[in-house]
Structure formats: structure tokens, C-alpha cells
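These notes concern the structure reproduced below.
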Amino acid sequence: YVSSSNAGGSVSGNGRHSSPAGCGGSGGGLSGGLTQPAGWQSLLSFTILFLAWLAGFSSRLFAVIRFESIIHEFDPWFNYRSTHHLSTNGFYEFLNWFDERAWYPLGRIVGGTVYPGLMVTAGLIHYILNLLHVTVHIRDVCVFLAPVFSGLTAVSTFLLTRELWNQGAGLLAACFIAIVPGYISRSVAGSFDNEGIAIFALQFTYYLWVKSVKTGSVFWTIGCCLSYFYMVSAWGGYVFIINLIPLHVFVLLLMQRFSRRLYIAYSTFYIVGLVLSMQIPFVGFQPIRTSEHMAAAGVFALLQAYAFLQYLKDRLTRQEFQTLFFLGVSLAAGVVFLTLTKPSLPPLLRYAKIHIPIIASVSEHQPTTWVSFFFDLHILVCTFPAGLWFCIKNINDERVFVALYAISAVYFAGVMVRLMLTLTPVVCMLSAIAFSSVFEHYLGDDMKRENPIKQHPFYPVKNSSVYSKLIVTMLMLMLLMMFAVHCTWVTSNAYSSPSVVLASYNHDGSRNILDDFREAYYWLRQNTDEHARVMSWWDYGYQIAGMANRTTLVDNNTWNNSHIALVGKAMSSNESAAYEIMKSLDVDYVLIIFGGVIGYSGDDINKFLWMVRIAEGEHPKDIRESDYFTPQGEFRVDKAGSPTLLNCLMYKMSYYRFGEMQLDFRTPPGFDRTRNAEIGNKDIRLKHLEEAFTSEHWLVRIYRVKKQENRQALDHKLRNIAAKQKYTSKKVLPSRFH
Amino acid sequence: MWSGGAAIFVLVSCVFCASALADGLVNEDVKRTLDLSSHLAKITAEIQLANHGAARVNSLTLALEAELAPHLAFIGASVKGEEEEDEGLELKETTLHGQSGKFFEAQLPSSLAPGAKLRVKVETVFSHVLKPFPSHITQAEQQLVVFQGNHYLYSPYPTRSQTTRVRLASKTVESYTKLGNPTKSEESIEYGPFKDVPPFSQDDMKIHYENNTPFLTISSITRTIEVSHWGNIAVEETIDLRHTGAYLKGPFSRYDYQRQSDSGISSVKSFKTILPASAQDVYYRDEIGNISTSHLQVLDDSVEVEIRPRFPLFGGWKTHYIIGYNLPSYEYLYNLGDQYALKMRLVDHIYDDQVIDQLTVKLILPEGARNIHVDTPYPISRSQDELHYTYLDTFGRPVLVATKNNLVEQHIQDVVVHYNFNKILMLQEPLLVVGAFYILFFTVIIYVRLDFSITKDPAAEVRMKVASITEQVLTLVNKRLGLYRHMDEVVNRYKQSRDTGALNSGRKTLEAEHRTLTNDITALQTRLKAEGSDLAEKVGEIQKLDRLEGQGHFPLATSLTFCFPGQLFSATRLLIGNLDSLLSSVETKGLFLLTSPDTSKHLSISSLHTLSLLILSTFSILHFSINYLPSTCQSGT
């Protein structure tokens, strides 16, 4: 009875088994649903998806467990602030919100300059929960939104992969996307950013698109449009969809795979999707104006023309058709020409944009290195070409789509680190296909031997030995295991720091929390005037608005370059020149980040050259980058540093009274731990500013801009009017006037 | 000569008072202590009262100066008994005609006979009476404050003799009034004794001295107590804190603050809050998250939280925070049937010598509490009751709201709330959850069972019909496989017992069953054929295989009975092997043929490694989180 390996409950016992040796443990009593393979199948898929959701959710909680339920980084603070505004003031107030606390004195029309999807999603969840009297704070909704949506992303990836390949690959893909670091980097608990929900919307839109191309049903296409609408409301990356889907259609046309299904799907998608996307205030008329959307329009026209020609082909004679065909082709060529000439402009613009300092200064806009590909995707980056190859070998309409998706995403990910995010889902899907095929081959061989029907013609059906099967399977399992370990390690060490709270570890392993940011922001919130204006570099704008609730001059929504340049100029000028700028901007406080005491490398002195560059871009006469370097071309803060640097406002504010401070006995006073140098200007005196607050580890320093002093008394004698008795009233004692 | 003049004054004033007080009480000996060592003025007077009148006296009147009265936070009077047992007196505010100030009437426990004496201790606490002067200081300067009061005891009765002792916070005194040539020692000033002071006499006392104690004031506190009958009482205090000492002038230098010990000496770095001993899950946070600078110490009789605001509080600086904790309800909630009584502190300790400008207490009782009745230790103004909705509430929990201004440590007293609560209501919340899940599953069942499509798809219908028939076939095939296995058992048993009768009867019943099953399958096969499905052929194939096997099986088993034991063994082995391979072939074939190709086969393969992958990742996550989980409590406290 050793080999009678009945699959679990496929034998329904009839209750008359008497011998224990009879039927090894397959006790009856499993109810009807589970005796059917379909029942098992849905139960298994459900369980696996649920576990994937759970694993994805819990692996994103490192930061919450180690620190607390807090919003991370910079942009999420703005999102949180606006969600808070939405949940307290309602949707229409949010749409009409003019934020006078940002970009002083310009202000910002928030409702028209954000993708509201994220805020509306969080606000809606909060509203519904509160309607059911589940009284969670809006902050907790925001913190846990991205992990919850990662589960939805896993489900939609499963659906998409199932459409592309099969259910097994879908389940694998769902597991991959749940824990892959490339996606976790943007969706840990607390990272309340657009990408957190946008990847779900992206995958779901693609799923519905594939479904509608497969079925040619308007129902699925409308679903696709609604999902696209959600994506447009959530992230600027919707442009990726509106270019990829037309590309898919175009390539299908080229491959002569035009069908009625495709025609229905794309025509519906383009029209309804276009109208829906224009409902988002921030997008407005862009879909019919800007070149990024023109490819979609061009393909729409081309598809109509193609369909029309197909229709005519049945009705006309060959002769008539030929003339019409040439006419049509020239027309189509014209349309294509129009669409191609226009987009040729923006890539150039975008290329130029990279050389604008303000865009180049952002670290996530740097090109991706090979290391980060492996770091974020691990083994998947090696296996996904195999999956792509399987798809191309066995091509059909939807596999064309995934191939295009993969190729374009790889290109974008190479351009910018940030776009690694769009690559991750397709890599997960294709790797899942590769792994699934390999397992299918090496685990399911004995079935094939007895079933000579070649279901997968690209597999050479050969009788691999048990050992080779075993070795390959073990190897693959090892890879997957390493992948899981790597994912957890990366998530835990690289992507789970709130960056608002820093932690350091002592020699005995105990933890020190450096809570300087919140210390200083909270000081601003509590102990400055409610309408005080705080000048800082733009990186901290959102945090100041969110945590300190004070007016800022510039923030992470870097829409006004000249304003940022003005702040950069103030920071890089000497104190009196800076004072003039600050006076003109009504600045009350200046906030800087200084890491010299604890060795924090992301401080303002290290960012200083970007400030100089951006200032130079707008004020080339006043600020020159070369002035801040030594004659040898070095950027130094010690005695050898350039005098311009040693006397600029940023330097003075960073090192004010730092020259007296001796951190330990091995180093001289005023030793900067971040740059490992003894500062060059130790005797710093401020004339127009005074220290208002410095946090415990000196990480944040806030200076108060002094009001102008009273004018000095004029150097002449006061008028001496002799009190004439006749003018004074008798009722008042005259002595009081003297 | 001074005493003579005073005597006349006393006479006059006695005549004057007679109409107002109508008793002959005299303060024989008064010992006043002014404790100005903190930011409060605590004035204690021990008075020896004597009844010099003719009638018995039932009550006495306490008076406060008009200048100090608005700052009064607490007043308490007690009678000193012989056995050192103080008996508190109940105070009622009254007015005295023609006199300024604030007056309280205290009922004596027993009336005072003419000529009898009584020792009374009056305790008063005033807040915000120490005024910083200068009002703005730099970080390096010391904080100086001025106290303005009265040299004498303000009393409606004449005083024979009194002394006043002032306790200060430090040795440094800028100036003080010199009435009666006071003596100044280390940290105190002694005035008096003053003899024969007439009633309502006032003489300005002014002391300007150094006081670096933290001038912390709670400008407002909202204390929310939420009672759950599931065994928990949640307490949360939202506190606005302000340093009401001299304002900080000029810059705040962190360097000086870190390097010089006397820099910012009047600032507040931290303070201790004492929570009840059973307090659990303490959290300390504000609008932007957990405040990581705090320590929690669990002592035998209390839980001490060392609260460090995010930043040191200098004069004029303020902060805001929330502290909360849970208490087990059995320590505070008492019941008798459906009647409940909650006994909790109305306000609790926040820091030593605390001053609360405004207190709001919100008591959230369980949903369905009725007949609410509150016993407060001191008068407190009740606002309109509110309703509070939290998890699984339907009609809201009653919230009692009460407010009071100007409280000090002496106000840490218990409040008792009585209410009725029907225990059946406890079931409401679990039932709600059960109901919600019931509805959810029911909806899913309905959705799965019913067809909501608006178009008819004949192909799909046929497909579904075929699928249902195939399922039936599959069950039958499985049953038939079970029969074969039974046959084996019967043979096995026969092998041991050699009971031909049992074998034959077993065989007969099995054969009968087998026949009916095979017939059923054939019937289904014809139905499949009727639907036009090619699966019918595959069912036919199975039937063929089964026939083959059945022929091999049943006759063989019968013939075995007549074989030799040795041959029997090997034959059985052979048979079993044969049977097994047949079984598995039928089985795999059956499964393989009957299920549509793209459904189940990947499942057993891919799902296995997916599961293992998932389990692995879950394990590694657990592993990592255990490794990195901080040993300290989550709230950082």
C-alpha cells in the first residue's frame, strides 16, 4: 500500500472501512465540495492569496514595530496633511483648498495641483470606518494604507498573470510581488505616498485591459476605464498606461492580429478613459493637449482607419480598394507623422530637465545602477528574461502586451531609480512564469510520461531522471528561499526607517533614539507665533508644514524654481545680503539641519552645493559656484576653505558656537564629525539673527531673524520749548510737563 | 500704649461685628506659615479659638483677602482633636456685609460653649500669586519673584497674638517688608509676634526673592475615563503645559545649556507623573507621534513615569501631550446585581505641586447605562451629557462631562458614579459581529449560487451541465476505487482467517455494488453523449479499463482460495502490485481525463512551492522581527 498515494480527499470513504491498514488515513467525511478538484483549487488559491497578503502586510510593519505608527520621509507628510484636511473639512473644501501656509507669499492651490486619489482613498476608508463606529485615527489609516494595498496589488497581479499564463504562475507572482523589495521600498507602513496605491491601480488596469482584449466585452473595458480613472487620480505615472496600451494595440496591428475584440476594447477604452481622465482637476485638458497623450490619439485614429479599410475590403472591388488603400495609408501616415513629430519634442525637453539642478539634485532621479537592480529584485532579475522568452515563444494577444510592458519598464527603470517601481510588477509576473514552467516540467514529469499529449510544445518531453528532477527542484527551492530571506533582509535594513526618527545602537546593543527633528518641529509648533514664516531648504518644507504647522517659503512641491533659487541665494550669501532677502520675504525663523555633532551625512552643508547651483542658475551675477571651492577645486569647511563659504549664512548658522564645542578628547574643539574636519571659522558672530532653538543633538538649528532695531537717536538737541504759562491750563499741574 | 489703642479698636470693631457675626469668638493664638518655596503660596494658619461671648457658637467664619481670593485654589479647615485626630470641617461660601474678600462658614462638629477653646487649622493654597519680577530674563539669569500678601491673619475675629513664618525657595532675598523687625534665617523669615490685631486688619507684605523651582502650570487638561465592562478602564489625559515663570529673553543657546549647569536653571527638563499601581500599556505622545524621551518605572505601589517634554520648557514656552493607560476594572468598579458603582480619582497626580487652570473630566460609561448619579468630593460644574461612539456601538455611550477651574494637589480625590446596567447588553456586541459575518457569508453563498447575467449563453450552460455530470462520474469512479480497496481487505482478511463464507458474502455484496456503480456511470456516459461532449468517450475508456481490471480482480480473488499457501503469498503480492498499478492508472487517468486540462494539474505543483515559499518568508520575517524587536516597551516609556 505504499504507493497508493491518493491525493488527499479525492477518495470519499463510504464509512465501511474496518481495517486500519486498509486506506492509509484517508478518513471519509470530507464534504462534497472538497471532493471536487475545483473546490480544492479555489480553496488553495484563496489560502495562498490570503497568506501572500498577510506576508506582504506583515513584512511592511518593521518600522511600526521598531518605532511607532508614524508617517515617514517628506512627501508623505504633505499627503497626510492634506488627507487630514480632507477628513476634517470635507471633499469640496479639499478641492478648493488654497494653502496659504506654503510658498509664502505665493501660496498654493492644493486642490488643483495634486493627484487626489490617495487622499480620497484614505479619507473614504476613514469615513466608512467611522460610519461603522470603528474609531481609528486618520493617521493610522494613512500609515497602514500602503501595506493593505500591497495585498490588493498581489491579488491583481495574480489575476493578470492568470490571464497571461495560468493559475499556478499567478499564485507565484502574487507571492513575489507581496515581498519583493522593489515594491516594498514604496509601500512600507508609514510611507503614505501615491505609489502605494498606484501600483495596485496599474496592475488592475492592465488586468482589465487584457481581459477586455481577450473577451472583446464592453463590460470589461468599462471596468478597465474606471480602473484607469482611479490610476489617473492617484499618480502621474498613468502616462505609462496611456502609452503602453496604444503601443500594445499598434504592435498587434503590425502583427496582423487585428480583431473585432481589439477594436471594441481600444475604442471604448480610449474614449471613456479620455473623458474620465479629464475629470481630475490637476490633469484637466492635458490628455488632448500634451504630446505624452498624442500616441494614444494617433493609435485610435489608426485603428479606426484600419477597421474602416477592413470593412471596405468586403464591399469593394480590388481596384477600388487599392486606390482607397493608398489614400488611407497616406492619411494614416500623415496622422502618424503628426503624432511622431510632436512627441519628438518632449524627450528633448525631458533630457534638458535632467540638467536643471533642481531635478538633478534629487537622489531618486539618478540613473539606476546594476547593484540596485539586484538589490531590489534579487533572483527575479535573472529569471524574468526566461519568462519573457517563454511568453514570446508562445505568443498570443495578451503575451504581446506583457512583452511590451517588460521592455518599456526595463528602459524606464534604467533611466531613473524611482521608476524601478514600474518594473517590479512585470518582473514578478515574468519570473513567476519562468519558475512555474520549470517546476511544472520537473515536478510534473511522470504525468507527462503517461499523457503523451504535448500540451506545451516548447518543452522537449524527455524522461529526465529522478535525480536530475530532484536536483533542479531543490535548486529552485533554494533560490526561492534565498529570495525570501533577501527580501526580508532588505526590507528590514534598507526600507524600514521612518527617517523622521533616527536610531543609533550602543556597544551593548541598546538603542538610542535621536528624535531631534520632531523636537525642533514641535518646538516651532508650540512656541512660535501661529503665522510665523520659516525659511528652510525645500527638502524640509512638507515636514515643517505637517509637523510644525507653520508657513514655509519653499517645499517639496518644487514648482517655482526662482523662489527656491531666492532661498538658495539667501543661504549662500553673507549675512547682511541674506538679511535683505529675508526681510523682503518676511522671514521670522530660519531652520537648518546640521549633522556635525552626531555625524549625520544628509545635512544642509552637504546639500549646500546644490543650493549654490540653483541660486546661480537664477542669480548668476551674485552667486558663483566657483567661489565656494578652494583654488584646488575642493569643497572644504576647514581653514583652507574658500572665504566666501566660510562667511556665508549657511556656514555661519551651521557652525554658530560649534567652535567652542569639544566633542571628545582626541579631537580639537569644533571638529565636524560628518566631514571629519576642524571648522575654519570658529569665531562666528551673528548680527541679524539669533539662535532661537537647537535640538538636543544639534541636528536641527532654528534662528530667529531679528526685527529691525529702532533708529538711532538723532544727534542734535531736543527742541527746548519754554513753557509759557499763559498756554497751560490752570487745572493741570505744570510740573507734570517738565 | 499700642495695646491700649488696639483694645479700643477691638471694642469698636466688636461692636461693629456684633451685627454681622453675633458671636464672641477670639483668635487667642495664631501661627501662620506661608510656604513660598514652590510656585504656589500655601498658607496654613493654626488658630486657637476662644468663645468670649455669652452664647454657644455653632459655626465660625473664615476670611480671605480680596486681593488673594481670586487666586484661591483650595481651602480646607479642620479641628484639632485631643488625640491628634483632625476632623475636617465642611465649608460653605457666605458673604459678609460691608466687608471685602471671600468668606466661608464652617460648621463646628459640636457647638463651642462660652469660654471654651478650640484649635482649628486652616489650609489655603493660592496659585499664580508669585509674580516673576523682572518678568523677562535671559538664559543665564536667575528667576526672581515677588509675593504680595498680608502680614496678619485676615479674620473676622480679633487676634490676641500671632506669628507669621515665611518659607522661601532660596537664601537670596532681594527685599522684604520689615514690619515688626522680622528675623531672617537661612531660607525663612519670621514675623511677629503681633499682639491684639483687630479683625479684618491688613498690612501689605512684600517679599522679592529668588525662586528657581519650575513654574509649571497645566493650562488645560481633559481627562477621559472610559469604562468597559469587559474588564478594562482606559484613562487618557490631554494636557496643555506652560511655564508661567519669567519669560525667556534673547537667544536660547544649546551649547550653554549643555555645558553650564546653572544655565537655564529655572527651566523644566522633566518631571514625574505617578500613575496607579495597576496602570498598564502606558503611552505618552502628541500630535506628531510618540515622545521618545521618557522612562517608566514600575514600583510596588505606583507606576512612575518620568515625563520629559520634547524640549526643555523655558519661561513662556508651552507644550502639549497626551498620556494614557489602562486599568483593570475590578479595582475600581463595584457591582450589586445590575447596580454598578465606579470609584475613580477625579483628577490624578501629574507633577508635585501641580496647578491646573482648567479641568474637564469626561466619564464614558458603557452603552446602555441608566440612572446615572454622580457623587463628587467637591463642587464641580456639570455640562450637558454627550454621546460617544466607538467600536461596535449602536446607540452611543453616555458621557458625563464636568469642568472645574484652578485645582491643586489637594483636589486629588475620588469621585463615585452610580449607574444601572443590564448585563444582557454585554451580548450585543458579539452578536453584532456574528450577524455581520452571517450576512457576509450569506451574500457570498447567494452570489455564487445564482446567475446574475443578463444574457443567455447556451455554450456556457452546456459546459456547466457537462461539468456537473463529470463531477458525478468522478465521484462514482472514486467510489468504485473504494470498492476495489474493500475487495483487497476482504481478501486480506480471508488470507488470515481462511473463512470462505465471509469472502464469498463480501465478494457478493461488493460485486453488487460494483455493478450498480458501473451502471450508474454508463447512464451518465449516455447523458454526456446526449450533451454532445467528447468526454463521453473518455468515460468509455475508463469503463473499458475498469472492465479489464474487474475481470482480473474478482475471479482471481475467488480462485486464490484454492491455491497453496506458498503460492498464495506470491500470488497475492503479484495481485496487489497489479491492482495498485491498475488503481493508480485508473485514478490518474481518471483525474487527468475528466478534469479540463488547464485547471487542476498545475495546482498541486505550483501551489506546493508557493506555499513553502510563503511559509519561508513568514518565518524569516518572524525571525527578523524577533531579533530586532526592541526590548523596551513600544511607547518608549
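Throughout, a chain's letter reflects where its sequence line sits, starting with A, and its residues are numbered from 1. What you are looking at is a predicted structure, and each value in this text was computed from that prediction instead of being measured.
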For this session: Could you have a look at Lys706(A), Arg701(A), Glu660(A), Met476(A) and say which one has the most heavy-atom pairs with chain B under 4.5 angstrom?
Result: Glu660(A)

Problem set entry | Partners passing side-chain contact (heavy atoms from CB on, under 4.5 Å) against Ile513(A) (at least two apart in sequence or in another chain) | Val501(A), Arg511(A), Asp515(A), Ser292(B)

Exercise. How many angstroms lie between CD in Gln526(A) and CZ in Phe311(B), if you round to the nearest 0.5 Å?
Worked result: 5.5 Å

Seminar exercise, completed: Scored by heavy-atom pairs under 4.5 Å with chain B, the best of Tyr80(A), Phe658(A), Phe693(A) is Phe693(A)

Problem set entry | Taking every non-hydrogen atom, the tightest pair across Tyr522(A) and His320(B) | OH-O, 2.8 Å

Seminar exercise, completed: Given Ser510(A), Gly546(A), Ala520(A), Ser695(A), the one with more heavy-atom pairs under 4.5 angstrom with chain B than any other is Ser695(A)

For this session: Please report the shortest heavy-atom distance between Thr394(B) and His133(A), naming the atom on each side.
Result: O-CE1, 4.3 Å

Seminar exercise, completed: Scanning both residues in full, the closest heavy-atom pair of Glu691(A) with Arg254(B) reads OE2-N, 3.6 Å

Problem set entry | Nearest-0.5 Å distance that lies between atom CG in Asn527(A) and atom NE2 in His243(B) | 11.5 Å

Exercise. Is it the backbone or the side chain of Arg518(A) that comes under 4.5 Å from a heavy atom of chain B, or both, or neither?
Worked result: both

Problem set entry | With Phe314(B) via ring pair (Phe, Tyr, Trp, His ring centres under 6.0 Å) - residues at least two apart | Phe252(B), Tyr257(B), Trp317(B)

For this session: Answer yes or no on whether Arg657(A) is positioned over the face of Tyr255(B), meaning its NZ or CZ is under 6.0 Å from the six-membered ring centre and within 45° of the axis.
Result: no

